[in-house]
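Structure record follows, encoded as structure tokens.
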Number of protein chains: 2
Amino acid sequence: MGSEHKPPVTLRTLADQLGLHVSTVSRVLHAKPDEGARAASEATVERIRKLADELGYRPNPHATSLRTRRSNLVGVLVPRLSDIVLATIYEGIEEAAAEHGLSTFVTNTRDVPDVQRARTEMVLGRRVDGLIFGDAYIDAEFLSGIAARGVPFVLVSRRAGEHPSVTCDDYQGGRLAAEHLLSLGHRTVAVVAGEPYASTGIDRTAGFVDTYRDAGVPVPGSRIVHTPFDARGGRLGAEKLLTQHPLPSAIFAVNDFAAIGAIGAARDRGLRAGTDLAVVGFNDTPLAAELPIPLTTIRSPMHEMGYRGLSLLVRLMAGEDVESQRLAPTLMVRASSTG
Amino acid sequence: MGSEHKPPVTLRTLADQLGLHVSTVSRVLHAKPDEGARAASEATVERIRKLADELGYRPNPHATSLRTRRSNLVGVLVPRLSDIVLATIYEGIEEAAAEHGLSTFVTNTRDVPDVQRARTEMVLGRRVDGLIFGDAYIDAEFLSGIAARGVPFVLVSRRAGEHPSVTCDDYQGGRLAAEHLLSLGHRTVAVVAGEPYASTGIDRTAGFVDTYRDAGVPVPGSRIVHTPFDARGGRLGAEKLLTQHPLPSAIFAVNDFAAIGAIGAARDRGLRAGTDLAVVGFNDTPLAAELPIPLTTIRSPMHEMGYRGLSLLVRLMAGEDVESQRLAPTLMVRASSTG
DNA sequence: GGCTTTCGCACCTTATCGCTC
DNA sequence: GGAGCGATAAGGTGCGAAAGC
């Protein structure tokens with residue numbers, strides 16, 4: 001075992017063994033079903049296919065890409081894959097990519113602009129045919145630079161400027177959360193609003209705040225705190241909110257993990273989620289329903305966002321004009337808000 | 001905007017503009033610092049580097065791969081990236097890969113053998129130089145087939161057969177959990193053991209059970225249940241365990257998310273984690289410390305596993321002999337076991 | 001003879017044109 | 001004149017051999 005160098009099976013291998021020319025073999029192996037007729041005679045087509053199968057011929061993608069100037073590769077940039085939201089979106093992307101015969105390079109940028117730039121250059125260096133950004137900043141400065149270079153791309157999860165995107169209707173999600181808490185009678189409410197540069201947090205917060213304002217209950221800025229989208233961020237944010245007077249009776253966290261952190265912070269102060277403090281999260285992560293105190297949350301179609309994002313990119317790469325999509329969120333009522 | 005076709009900058013572009021031969025340019029642009037002297041004269045080296053910089057020359061990786069038969073690509077197969085454990089391992093892999101100038105294809109196999117096969121073929125079709133499996137079954141049947149084809153690969157997270165792997169010392173982790181619970185006086189204990197085909201769950205359970213046995217307290221098979229590695233699995237597993245008599249006073253779940261599910265199941269039966277029922281998890285996911293009832297757990301070096309896994313693969317691809325690594329776990333004591 | 005540079009081909013595939021019966 | 005196939009070139013890079021000074 002060890003150094004068994006099987007020479008790779010190439011078009012020439014097949015051609016030589018069949019006494020045909022490589023170009024003939026290429027044409028046949030590549031012909032789409034509908035145009036198969038012109039490639040060669042029935043009999044030769046059969047012979048070629050059979051041998052290719054037997055020898056396990058696999059076209060060399062580097063040679064193909066070199067020749068066709070298409071890599072069938074797409075780059076995917078996300079803040080972090082260890083955030084289950086982005087990981088789930090990526091699963092949707094990957095599923096759609098597989099269906100289109102595309103492969104993906106996915107990379108974490110940690111929401112750090114320098115890393116975003118560096119990793120984008122890296123995937124472009126790999127000659128991807130298109131890009132998907134899950135880490136867009138609301139000011140689309142960086143993205144405009146990419147657009148100017150003529151590389152097709154779409155955004156998922158977060159929107160920015162007029163670039164094509166597939167997002168949850170986050171504003172509407174914020175409204176749903178507000179309407180739910182309003183219906184429960186909460187009038188002193190606070191928001192753990194996420195990072196200030198992400199449209200997700202911005203839009204969810206805006207939808208929430210606007211709905212409360214429209215109901216005649218303004219939410220003062222002091223009751224809106226910005227934090228990272230994770231449990232630790234939620235805990236820190238809630239700790240600030242829970243020192244205010246009067247104490248809020250409800251907290252809307254723009255992310256399930258932040259909501260979990262908020263519940264922990266509440267508990268440290270002797271407040272029980274669901275009875276003493278209503279908590280609403282966002283995304284309906286699988287964990288939400290399984291928590292000791294199940295979490296009321298706004299479900300966002302994460303997998304679908306990824307799936308549709310890649311589909312949109314495919315159309316964009318084909319030269320079509322495309323439009324952004326906003327997918328509808330759903331309210332999931334559980335014990336963390338109803339006791 | 002739209003159709004601005006800048007002709008790509010190739011070696012020939014540079015060569016023509018400098019009045020040199022492409023091969024000269026090629027030699028200079030990849031001479032390593034130490035052998036730079038031999039590539040060309042100081043002056044030409046300078047001229048070439050300068051122009052390459054100005055025009056933003058990026059070598060075409062397809063051409064390079066075609067020529068060198070090296071793609072600088074590695075394939076990574078994991079059960080699911082939406083499992084934060086694997087996602088974090090992947091972050092380590094990616095970090096190390098970037099340092100080595102490698103790019104990764106990562107793909108979810110959902111622990112389904114047919115998908116594992118299909119995705120493996122797909123990445124091999126992309127001509128990866130090596131593979132990392134995070135989804136190994138304990139019976140190494142499939143992997144032996146890959147090994148026979150001469151493709152270098154390493155395992156991370158899970159071990160299997162004698163294939164090189166980087167894992168947590170899961171057996172030791174199980175011991176730590178057992179010693180902790182023994183020291184707290186728990187003698188009626190149960191295990192949520194994860195999937196029966198994964199070495200992680202198997203070894204953690206074995207370390208736990210062996211330690212209890214050695215202490216004169218055997219853990220009967222009826223108190224060990226196999227479930228998926230997630231919150232839902234943990235809940236279902238714990239529900240089974242909590243119908244037994246006598247009721248266990250402690251549960252060891254081989255995964256933090258399963259532990260969270262177990263805590264939820266306990267709560268549904270009126271048992272409070274930490275006081276009525278001790279719960280110990282595994283991995284020390286970031287969430288563990290932030291939970292309303294912080295989770296006692298065994299910390300495993302997830303990021304490092306990935307980082308070292310890729311480093312090991314690099315050495316393997318260089319033809320070195322490598323040995324498997326087991327990284328030490330650490331006990332993190334929190335309220336879910338101590339009240 | 002050593003340093004610098006050029007030449008030519010190979011890697012594998014595909015697109016287009018052209019030949020032959 | 002059309003069906004079936006071959007010939008040729010190109011895509012960008014890298015390596016060995018050989019040439020220039």
Side-chain angles (χ1 to χ4, degrees), chain A residues 5-32 35-49 51-52 55-73 101 124-127 129, chain B residues 5-32 35-49 51-52 55-73 101 124-127 129:
Chain A
H5 292 281
K6 300 182 204 170
V9 180
T10 71
L11 286 179
R12 186 185 317 270
T13 317
L14 301 179
D16 287 355
Q17 273 190 48
L18 293 167
L20 290 168
H21 197 269
V22 275
S23 70
T24 308
V25 180
S26 169
R27 228 178 315 117
V28 166
L29 252 24
H30 191 231
K32 284 155 197 158
E35 64 192 30
R38 294 180 156 191
S41 72
E42 268 312 312
T44 356
V45 168
E46 228 21 76
R47 283 205 307 148
I48 293 175
R49 293 229 174 102
L51 188 65
L55 299 189
Y57 168 76
R58 298 270 163 258
N60 183 317
H62 303 122
T64 303
S65 296
L66 183 58
R67 183 66 237 249
T68 61
R69 301 170 153 287
R70 268 204 123 232
S71 61
N72 293 317
L73 255 29
L124 287 177
R126 285 282 183 180
R127 302 297 199 271
D129 293 335
Chain B
H5 294 279
K6 301 181 203 170
V9 180
T10 72
L11 286 181
R12 190 189 309 275
T13 316
L14 301 178
D16 287 355
Q17 271 189 51
L18 292 168
L20 289 169
H21 196 268
V22 275
S23 72
T24 310
V25 181
S26 168
R27 221 177 325 110
V28 166
L29 254 24
H30 12 15
K32 283 155 199 159
E35 62 191 32
R38 294 180 157 190
S41 71
E42 269 310 313
T44 12
V45 168
E46 227 21 75
R47 285 205 306 147
I48 292 174
R49 292 229 175 102
L51 188 66
L55 300 189
Y57 169 74
R58 298 272 164 256
N60 183 315
H62 303 122
T64 304
S65 297
L66 181 59
R67 184 64 239 251
T68 62
R69 302 169 151 286
R70 268 204 124 232
S71 61
N72 293 317
L73 255 28
L124 288 177
R126 285 282 182 179
R127 299 298 199 270
D129 293 335

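Atoms considered below: every heavy atom in the structure, side chains included; atoms not considered: hydrogens, waters and symmetry mates.
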Rounded off to whole Å, could you give me the [atom1]-to-[atom2] distance for the [X] and [N] pair?
{"X": "A/Arg69", "N": "D/dG12", "atom1": "CZ", "atom2": "C1'", "result": "9 Å"}
{"X": "B/Arg47", "N": "C/dT4", "atom1": "CZ", "atom2": "P", "result": "14 Å"}
{"X": "A/Leu20", "N": "D/dG4", "atom1": "CG", "atom2": "C1'", "result": "11 Å"}
{"X": "B/His62", "N": "C/dA10", "atom1": "NE2", "atom2": "P", "result": "24 Å"}
{"X": "B/Glu42", "N": "C/dC3", "atom1": "CD", "atom2": "P", "result": "14 Å"}
{"X": "A/Ile48", "N": "D/dG6", "atom1": "CD1", "atom2": "P", "result": "9 Å"}

**Prompt:** So, for B/Ser71 and B/Ser65, which heavy atoms are closest and what is the spacing to 0.1 Å?
**Reply:**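 Distance-wise, the nearest heavy atoms are CA-OG, 3.4 Å.
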
**Request:** Locate the shortest heavy-atom distance separating A/Asp129 from A/Asn72; write the atom from each residue and the value.
**Result:**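 Reported closest heavy-atom pair: OD2-N, 2.7 Å.
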
**Prompt:** Taking the side chain of A/Leu66 as its heavy atoms from C-beta onward, which of D/dG11, C/dC11, D/dG14 lies nearest to it?
**Reply:**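 Out of D/dG11, C/dC11, D/dG14, the nucleotide with an atom closest to A/Leu66's side chain is D/dG11.
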
**Message:** What I'd like to find out is whether the side chain of B/Pro8 reaches to under 4.5 Å of the side chain of A/Arg69, using heavy atoms alone.
**Reply:**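 Yes, their side chains come closer than 4.5 Å.
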
**Request:** Could you tell me whether the side chain of B/Thr44 reaches within less than 4.5 Å of the side chain of B/Leu20, counting heavy atoms only?
**Result:**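 The answer is yes; the side chains approach within 4.5 Å.
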
Hey, what are the protein-to-nucleotides 18-21 of chain C N/O distances that come in under 3.5 Å?
none

Roughly how far apart are [X] [atom1] and [Y] [atom2], rounded to 0.5 Å?
{"X": "A/Leu29", "Y": "A/Leu11", "atom1": "CG", "atom2": "CG", "result": "7.0 Å"}
{"X": "A/Thr10", "Y": "A/Asn60", "atom1": "OG1", "atom2": "CG", "result": "9.0 Å"}
{"X": "A/Thr68", "Y": "B/His62", "atom1": "OG1", "atom2": "NE2", "result": "8.5 Å"}

**Prompt:** Residues in side-chain contact (heavy atoms from CB on, under 4.5 Å) with A/Ser23, at least two apart?
**Reply:**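 Result, side-chain contact (heavy atoms from CB on, under 4.5 Å) vs A/Ser23: A/His21, A/Arg27.
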
**Request:** State which residues pass side-chain contact (heavy atoms from CB on, under 4.5 Å) with A/Val9; sequence neighbours excluded, sorted by chain then number.
**Result:**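 Residues passing side-chain contact (heavy atoms from CB on, under 4.5 Å) with A/Val9: A/Thr13, A/Leu14, A/Leu55, A/Tyr57.
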
**Asked** In chain order, what residues pass the side chain to side chain donor-acceptor pair (under 3.5 Å) check against B/Arg126, with sequence neighbours excluded?
**Response**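 Scan of B/Arg126 (side chain to side chain donor-acceptor pair (under 3.5 Å), adjacent residues dropped) gives A/Ser103.
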
Would you say [X] reaches [N]'s phosphate, i.e. side-chain N/O to OP1/OP2 under 4.0 Å?
{"X": "A/Tyr57", "N": "C/dC12", "value": "no"}
{"X": "A/Thr10", "N": "C/dC11", "value": "no"}
{"X": "B/Thr64", "N": "D/dG12", "value": "no"}
{"X": "B/Ser65", "N": "D/dT13", "value": "no"}

**Message:** Test your reading of the model: is there a side-chain donor-acceptor pair from A/Arg47 to the backbone of A/Val45, 3.5 Å cut-off?
**Reply:**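 No, the answer is negative, given that no donor and acceptor are paired below the 3.5 Å cut-off.
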
Could you pull out the protein-nucleic contacts involving nucleotides 15-18 of chain D (nitrogen or oxygen on both sides, under 3.5 Å)?
none

**Asked** Where along residues 11-19 of chain B does a heavy atom come under 4.0 Å from DNA chain D, residue by residue in number order?
**Response**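 Residues of residues 11-19 of chain B under 4.0 Å from DNA chain D: B/Leu11.
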
